[in-house]
Number of protein chains: 2
Amino acid sequence: MSRGKARAALLVELEEAMRRSSAQGVLYGQAVANIAGISNSDLECLDFLNLEGRVTAGRLAEVTGLTTGAITGVVDRLEKAGYVRRERDEADRRKVFIVVVPEVTAKIGQFYVPMQQAMQKVWSGYSEEELRLLLRFALDGYKGVLEATEALKAVIDTPPEKRANPKMPKARR
Amino acid sequence: MSRGKARAALLVELEEAMRRSSAQGVLYGQAVANIAGISNSDLECLDFLNLEGRVTAGRLAEVTGLTTGAITGVVDRLEKAGYVRRERDEADRRKVFIVVVPEVTAKIGQFYVPMQQAMQKVWSGYSEEELRLLLRFALDGYKGVLEATEALKAVIDTPPEKRANPKMPKARR
DNA sequence: CTAATTATCTTAGTGGCTAAGATATATACT
DNA sequence: AGTATATATCTTAGCCACTAAGATAATTAG
């Protein structure tokens, strides 16, 4: 206990640092969307499509939290700009798969280069063993955020008077 | 080289894992805004105010990338809902400081509880030494994202034909 | 003390979003 | 098979937050 920071204090700092970098990450995404001349939602969908490859319109609505009507608009704009194509599912002709057009989508990729370079630079300061720890944490963290998103839905169903009333994570200054 | 993952492969995995969790984090924020009944931008500003405490309208415009006109709207809505107050700077009466009303803002805090709990759970799986490494990384990462945001502005000023044309970070499947 | 600058607000117009319902296809029931 | 119900996407009307441009008010520079 005498040497090293007390664990509780460490966690507070960790939380604040992660909130700050995540907020800044959001801003980076907004800047990319602005520069690329597409809306935030459009870019969010395009990013997801790049991770998943081939996704139905309905799935896009699920993961973004937008209505299916809004997704129709998103896909219309992305398709018009050439980033994606619609592909009817031959097995179930109600479904529409959205697939990226990699040659065109690559134009967006350049706006992520500064972020990738900055991250490479950060990572260069860590040993392979440390990077493995970071990977473990990133994977754990992803699961955690998914869980939290689920749990948040439970909060909605809890009547307000039964909820805890915690302080907003507050500033220190 | 024979044991442990090759560093390059590790970095690719790390990047994907971090992109996924960051995307999911964005969704969590959107869900909070929906439940709280305020817009994404309003919540983003409120979060920033909670970190910084007391901030001018103009600074809010800077950090969010919104126009000052849009910020007027944000602050109007937040003020009407009781989350913040406007405070004229007595030294320079053009400026308006926006200050949070903690008692009211606490109502939003509850929606972050699931996230905090999930993160506590994740962090419980790490030793104090490991947490210190994570903190170092979170701080480095924040600096990195800030740098990247700056560097992105440089990309805008580079004529398109002089830019590299990298592939979009692509899926593996 | 006039001009230029800075900080916020106002206004008009636009675009993406939701809610509700239409359309088309698939599945379940009798 | 044939009818009802469910599912997936699209369409439409209306709303709200955003931008761009300019107005207002206060400060700083010459």
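Below, read A as the first sequence line, B as the second, and so on, with proteins coming before strands; counting in each chain starts at 1.
Listed by first and then second residue, the side chain to side chain donor-acceptor pair (under 3.5 Å) pairs involving residues 62-74 of chain A are A:Arg59-A:Glu62 (not counting sequence neighbours). Contacts classified as salt bridge (Lys or Arg N to Asp or Glu O under 4.0 Å) and involving residues 29-41 of chain B (residues at least two apart or in different chains) are not found. Sorted by first and then second residue, the side chain to side chain donor-acceptor pair (under 3.5 Å) pairs involving residues 91-102 of chain B (not counting sequence neighbours) are B:Glu90-B:Arg93, B:Asp92-B:Arg94.
Judged as a salt bridge (charged side-chain N to carboxylate O under 4.0 Å, His left out), and not counting sequence neighbours, the contacts of B:Glu130 are A:Arg136. Here A:Gln120 pairs with nothing under the side-chain hydrogen bond (donor to acceptor under 3.5 Å, both in side chains) rule; sequence neighbours left out. With sequence neighbours excluded, the residues satisfying side-chain hydrogen bond (donor to acceptor under 3.5 Å, both in side chains) with A:Thr149 are B:Gln24. Residues passing the salt bridge (charged side-chain N to carboxylate O under 4.0 Å, His left out) test with A:Arg88, sequence neighbours excluded: none. Evaluation of the ring-ring contact (aromatic ring centres under 6.0 Å, His included) rule for A:Tyr126 yields B:Phe137 as partners, not counting sequence neighbours.
Comparing A:Ser39 and B:Gly58 against DNA chain C, the residue whose closest nucleotide sits nearer the 5' end is B:Gly58.
Between the C1' atom of D:dC18 and the CG atom of A:Asn34 lies a distance of 11 Å, rounded to the nearest Å. Taking atom CD on A:Gln30 and atom P on D:dA17, their separation rounds to 16 Å, with Å as the unit. Rounded to whole angstrom, the span from the CZ atom of B:Arg86 across to the C1' atom of C:dT8 amounts to 9 Å.
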Could you spell out the base pairing of DNA chain D in dot-bracket, with Watson-Crick or G-U pairs whose two distances are under 3.5 Å, [ ] crossing and | to another strand? ||||||||||||||||||||||||||||||
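Checked against A:Val84 for a side chain to side chain contact (heavy atoms under 4.5 Å, CB included), the options A:Thr105, A:Leu46, A:Val55 give a single hit: A:Leu46.
Near DNA chain D, meaning a heavy atom under 4.0 Å from it, residues 61-84 of chain A has A:Thr68, A:Gly69, A:Thr72 in order of number. Residues of residues 88-100 of chain B that place a heavy atom closer than 4.0 Å to DNA chain D, in numerical order, are B:Ala91, B:Asp92, B:Arg93, B:Arg94.
Look at B:Ser41 and you'll find a side-chain N or O under 4.0 angstrom from OP1 or OP2 of D:dC18. For A:Arg59 and D:dA8, the shortest distance from a side-chain N or O to OP1 or OP2 is not below 4.0 Å.
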Taking distance alone, no hydrogens or angles, what donor-acceptor pairs closer than 3.5 Å link side-chain atoms of residues 29-38 of chain B to residues at least two apart or in another chain?
residue: B:Gln30; atom: NE2; partner: A:Glu44; partner atom: OE1; Å: 3.4

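Using a 4.0 Å cut-off between a side-chain N of Lys or Arg and a carboxylate O of Asp or Glu, A:Asp76 and A:Arg86 qualify as a salt bridge.
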